[in-house]
Amino acid sequence: MRPDDNEFIKIPTPGGKYLLMVEGYTYSAIKVSEIVKIPTPNGNFLLMIDGYTYSQHRNIYWICSSAKRKGCKARVHYFGDRVVKCQAYHTHPPPRYCYRNGLYIKY
């Protein structure tokens, strides 16, 4: 059974936890400190994880928002409000944002 774009299958493990199957691939949940969704002017959003931002590349695949400018290869697989895979080896410091009046502003 292959899940749709917005579906996943929970697979129980012997230890009482779950794996997620998304698009035929199996993932375990990854703990991150906090995920913030930052709206963009074009109606999409960026993910901010541990101070770094990611833009959606394909369906559940998100790449570092500095990938093109700085050649960064960091990426995450984000599905159902969860990070299911994370390759967060950035080649640069995180972008600088401030939070004012309920908005994140890059400076």
Side-chain angles (χ1 to χ4, degrees):
M1 177 180 189
R2 188 174 170 98
D4 293 332
D5 287 345
N6 295 320
E7 294 182 7
F8 62 88
I9 298 170
K10 288 174 75 173
I11 303 168
T13 65
K17 296 184 179 183
Y18 287 93
L19 298 174
L20 299 177
M21 181 178 282
V22 182
E23 295 182 344
Y25 294 95
T26 307
Y27 301 98
S28 59
I30 296 173
K31 292 185 178 184
V32 294
S33 59
E34 182 181 14
I35 300 170
V36 177
K37 293 180 182 178
I38 302 173
T40 63
N42 63 4
N44 295 324
F45 62 91
L46 297 174
L47 292 180
M48 182 186 283
I49 302 171
D50 296 331
Y52 289 92
T53 54
Y54 300 83
S55 57
Q56 191 169 18
H57 183 61
R58 281 182 278 154
N59 198 12
I60 68 168
Y61 304 98
W62 296 72
I63 61 173
C64 177
S65 57
S66 295
K68 291 181 183 175
R69 286 188 321 271
K70 298 182 180 177
C72 186
K73 303 282 186 200
R75 63 192 70 247
V76 298
H77 295 189
Y78 178 77
F79 185 81
D81 291 332
R82 294 181 186 179
V83 172
V84 293
K85 185 175 180 182
C86 186
Q87 298 167 331
Y89 301 106
H90 295 273
T91 59
H92 56 89
R96 296 177 62 186
Y97 281 86
C98 65
Y99 186 73
R100 286 194 194 140
N101 301 324
L103 298 173
Y104 282 88
I105 301 167
K106 188 174 181 178
Y107 61 96

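Throughout, residue positions are numbered sequentially from 1 according to the sequence presented. Values reported hereafter were calculated over all heavy atoms of this structure, with side chains retained and with hydrogens, waters and symmetry mates removed.
Considering all non-hydrogen atoms of both residues, Pro94 and Gly51 come closest at CB-O, 3.3 Å. Across Thr53 and Pro95, no two heavy atoms sit closer than the pair OG1-CG, 3.7 Å. Of all heavy-atom pairs spanning Tyr89 and Cys72, the tightest one is O-SG, 4.2 Å.
Aromatic ring centres of Tyr54 and His90: separated by under 6.0 Å.
Between Leu46 and Tyr97 there is a side-chain heavy-atom pair separated by less than 4.5 Å. Using a 4.5 Å heavy-atom threshold, the side chains of Tyr78 and Ile35 count as touching.
The structure places CD1 of Ile63 at 12.0 Å from CG of Leu47, a figure rounded to the nearest 0.5 Å.
Grouping the Ile, Leu, Val, Met, Phe, Trp and Tyr side chains by contacts below 4.5 angstrom, directly or via other members, places Leu103 apart from Tyr99. Cluster membership for Val76 and Met48, using ILVMFWY side-chain heavy atoms within less than 4.5 angstrom, is not shared.
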Test side chain to side chain contact (heavy atoms under 4.5 Å, CB included) applied to Arg75 and Trp62, step by step:
CA-CA 6 Å; Arg75 63 192 70 247; Trp62 296 72; over 6 Å; no
Between Cys64 and Lys70, is a side chain to side chain contact (heavy atoms under 4.5 Å, CB included) present by the stated rule, with each step listed?
CA-CA 10 Å; Cys64 177; Lys70 298 182 180 177; over 6 Å; no
Could you list the donor-acceptor pairs under 3.5 angstrom formed between side-chain atoms of residues 38-45 and any protein atom two or more places apart in sequence or on another chain?
from: Thr40; atom 1: OG1; to: Asn42; atom 2: OD1; distance (Å): 2.5
from: Thr40; atom 1: OG1; to: Asn44; atom 2: N; distance (Å): 3.2
from: Thr40; atom 1: OG1; to: Asn44; atom 2: O; distance (Å): 3.1
from: Asn42; atom 1: OD1; to: Asn44; atom 2: N; distance (Å): 3.2

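Listed by chain and residue number, Asp81 satisfy the salt bridge (Lys or Arg N to Asp or Glu O under 4.0 Å) test with Lys37 (two or more places apart in sequence, or in another chain).
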